[in-house]
Amino acid sequence: MSIALSAQIHPSAVVEPGAVIGPGCRIGPFCLIGAQVVLAARVEVKSHAVITGATEVGEDTVIFPFASLGEVPQDLKFRGEQSRLIIGARNRIREHVTMNTGTEGGGFVTQVGDDGLFMAGAHVAHDCQIGNRVILVNNSAVAGHCVLEDDVIVGGLSGVHQWVRIGRGAIIGAVTMVTADVIPHGLVQGPRGQLDGLNLVGLKRRGVDRAEIAALRDLYAALGDGNFRDNARRLAEEGAGGDHVREVLDFILGPSDRSFLTPK
């Protein structure tokens with residue numbers, strides 16, 4: 001066990017031998033910190049939270065009451081293999097959030113980036129790869145092996161099907177079931193999610209140039225006329241657009257076992 005001298009641990013908390021607690025960490029009452037857990041500097045774990053398994057938590061992350069991080073995957077194929085959960089820096093992990101470790105079928109690791117907000121009751125399943133500045137709103141769930149790129153927002157009570165990719169800057173509306181890949185900067189909504197435009201609000205908030213947004217609008221219109229992937233391949237060969245357009249085209253033409261949500 002390695003506990004920094006500046007760490008503050010409530011007497012009722014259980015820190016198992018082998019855990020590494022960094023400088024400035026604060027662990028509240030009735031928490032459980034497992035033997036393979038590593039907390040970087042200034043991590044705060046509020047009361048009644050459980051962090052177990054081979055779990056690393058980045059600096060300045062705050063974990064709220066009753067969160068459960070690093071438990072074994074909810075996967076019947078899991079046979080106890082050694083796997084990990086790696087959480088980046090400055091995340092806010094709210095009440096009752098669950099994040100599981102990886103499996104052999106997904107490379108043994110679940111990874112969460114920096115500066116995310118995971119609201120109450122959100123779930124990150126085994127082998128997910130979550131980017132930076134991702135927001136999972138209350139009671140949203142991301143199934144196993146999903147990839148959520150940077151700046152994705154998943155609305156409350158929404159579900160993301162296993163193996164789905166959601167491209168950078170996309171937004172999923174509340175109470176939506178996402179069963180196929182979502183292009184970068186896409187807007188998806190509906191009980192069974194449909195691609196319903198672009199995340200224009202998010203693009204403007206991030207200061208994307210108007211010309212780039214106009215090019216994305218043109219791309220969106222061009223993709224919806226005929227076969228989605230064939231249109232993307234043709235536009236890529238023609239050298240369409242700027243950086244954001246090329247990002248969307250690269251995403252569509254990249255490796256995936258899923259189909260795509262396409263324009264209505």
Side-chain angles (χ1 to χ4, degrees), residues 113 116 124-125 127-137 140-264:
V124 176
D127 305 298
C128 285
Q129 305 297 306
I130 308 293
N132 301 319
R133 300 175 299 280
V134 167
I135 299 174
L136 300 187
V137 181
S140 56
V142 181
H145 306 281
C146 288
V147 176
L148 274 60
E149 296 184 352
D150 294 348
D151 302 303
V152 165
I153 300 173
V154 179
L157 297 168
S158 293
V160 182
H161 193 281
Q162 60 263 31
W163 298 102
V164 160
R165 300 180 303 150
I166 301 180
R168 185 172 74 94
I171 185 168
I172 311 302
V175 198
T176 296
M177 181 61 200
V178 182
T179 58
D181 289 355
V182 179
I183 61 171
H185 315 294
L187 165 64
V188 172
Q189 57 187 354
R192 282 283 176 175
Q194 295 179 315
L195 188 62
D196 197 23
L198 296 168
N199 183 13
L200 297 175
V201 173
L203 289 165
K204 291 172 183 176
R205 284 177 176 170
R206 290 190 292 276
V208 176
D209 185 79
R210 287 187 178 184
E212 286 275 327
I213 294 176
L216 280 171
R217 285 179 179 270
D218 293 340
L219 173 68
Y220 182 84
L223 287 171
D225 186 15
N227 184 281
F228 194 69
R229 193 181 291 271
D230 288 347
N231 287 342
R233 188 173 294 108
R234 173 181 56 80
L235 291 165
E237 290 171 353
E238 293 173 356
D243 291 343
H244 286 75
V245 167
R246 286 192 292 273
E247 176 187 14
V248 174
L249 294 175
D250 288 345
F251 185 93
I252 294 170
L253 298 175
S256 176
D257 293 329
R258 308 291 303 174
S259 59
F260 282 87
L261 295 180
T262 56
K264 292 192 297 183

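Distance alone, capped at 3.5 Å, places no donor-acceptor pair between the Asp196 side chain and the Leu187 backbone. For the pair Thr176 (side chain) and Gln189 (backbone), a donor-acceptor distance under 3.5 Å is absent. Counting only distance, with no hydrogens or angles, the side chain of Ser158 and the backbone of Val175 share a donor-acceptor pair below 3.5 Å. Using modelled atom types, one side-chain atom of Asn231 and one backbone atom of Leu223 make a donor-acceptor pair closer than 3.5 Å. Judged purely by atom type and a 3.5 angstrom limit, Glu149 uses its side chain to pair as donor or acceptor with the backbone of Arg168. A distance-only check finds a donor-acceptor pair linking the side chain of Arg229 to the backbone of Ile252 [under 3.5 Å].
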Stepwise side chain to side chain contact (heavy atoms under 4.5 Å, CB included) check, Leu203 with His244: CA-CA 10 Å; Leu203 289 165; His244 286 75; 4.3 Å; yes
For side chain to side chain contact (heavy atoms under 4.5 Å, CB included), just list the numbers for Phe260 and Leu195, CA-CA rounded to whole Å, side-chain angles, deciding distance to a tenth of an Å, and then say yes or no. CA-CA 9 Å; Phe260 282 87; Leu195 188 62; over 6 Å; no
Please test Val142 against Leu148 for side chain to side chain contact (heavy atoms under 4.5 Å, CB included), starting from the C-alpha separation and ending with a verdict. CA-CA 9 Å; Val142 181; Leu148 274 60; 3.9 Å; yes
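Across all non-hydrogen atoms, the minimal contact from Ala170 to Val182 is CB-CG1, 3.9 Å. Taking both residues in full, the closest heavy atoms of Val160 and Cys146 are given as CG1-SG, 3.8 Å, listed atom of the first, atom of the second, then distance. When all heavy atoms of Gly155 and Ser140 are compared, the pair lying nearest together is O-CB, 3.5 Å. Taking every heavy atom of both residues into account, Gly144 and Ala125 meet most closely at N-CB, 3.4 Å. Shown here for Ser259 and Ala180, the closest heavy-atom pair between the two residues is O-CB, 3.3 Å.
Within 6.0 Å of CZ in Arg217 there are 12 or fewer heavy atoms belonging to other residues, nucleotides or ligands. The number of heavy atoms from other shown groups lying within 6.0 Å of CG (Asp257) does not exceed 12.
Rounded to the nearest 0.5 angstrom, Met177 CE and Leu157 CG are separated by 13.0 Å. Of the inter-residue distances, the one linking Trp163 atom CH2 with Asp127 atom CG reads 7.5 Å to the nearest 0.5 angstrom. Distance check: Ile166 CD1 to Ile171 CD1 gives 11.0 Å after rounding to the nearest 0.5 Å. With values rounded to the nearest 0.5 angstrom, Lys204 atom NZ is found 5.5 Å from Leu200 atom CG. Atoms CD1 and CG, on Ile213 and Asp218 in that order, are 12.5 Å from each other to the nearest 0.5 Å. We find the CD-CZ distance between Glu212 and Arg206 to be 12.5 Å, quoted to the nearest 0.5 Å.
Taking the charged nitrogens against the carboxylate oxygens, Arg133 and Asp151 do have a contact shorter than 4.0 Å, which makes a salt bridge. A salt bridge does not link Glu237 with Arg233: none of the charged nitrogens is closer than 4.0 Å to a carboxylate oxygen.
Among Ile183, Val178, Asp181, the one residue that satisfies the side-chain contact (heavy atoms from CB on, under 4.5 Å) test with Leu261 is Val178.
Seen from the ring of Phe251, Arg165 counts as a face-on cation partner, given the 6.0 Å and 45° thresholds.
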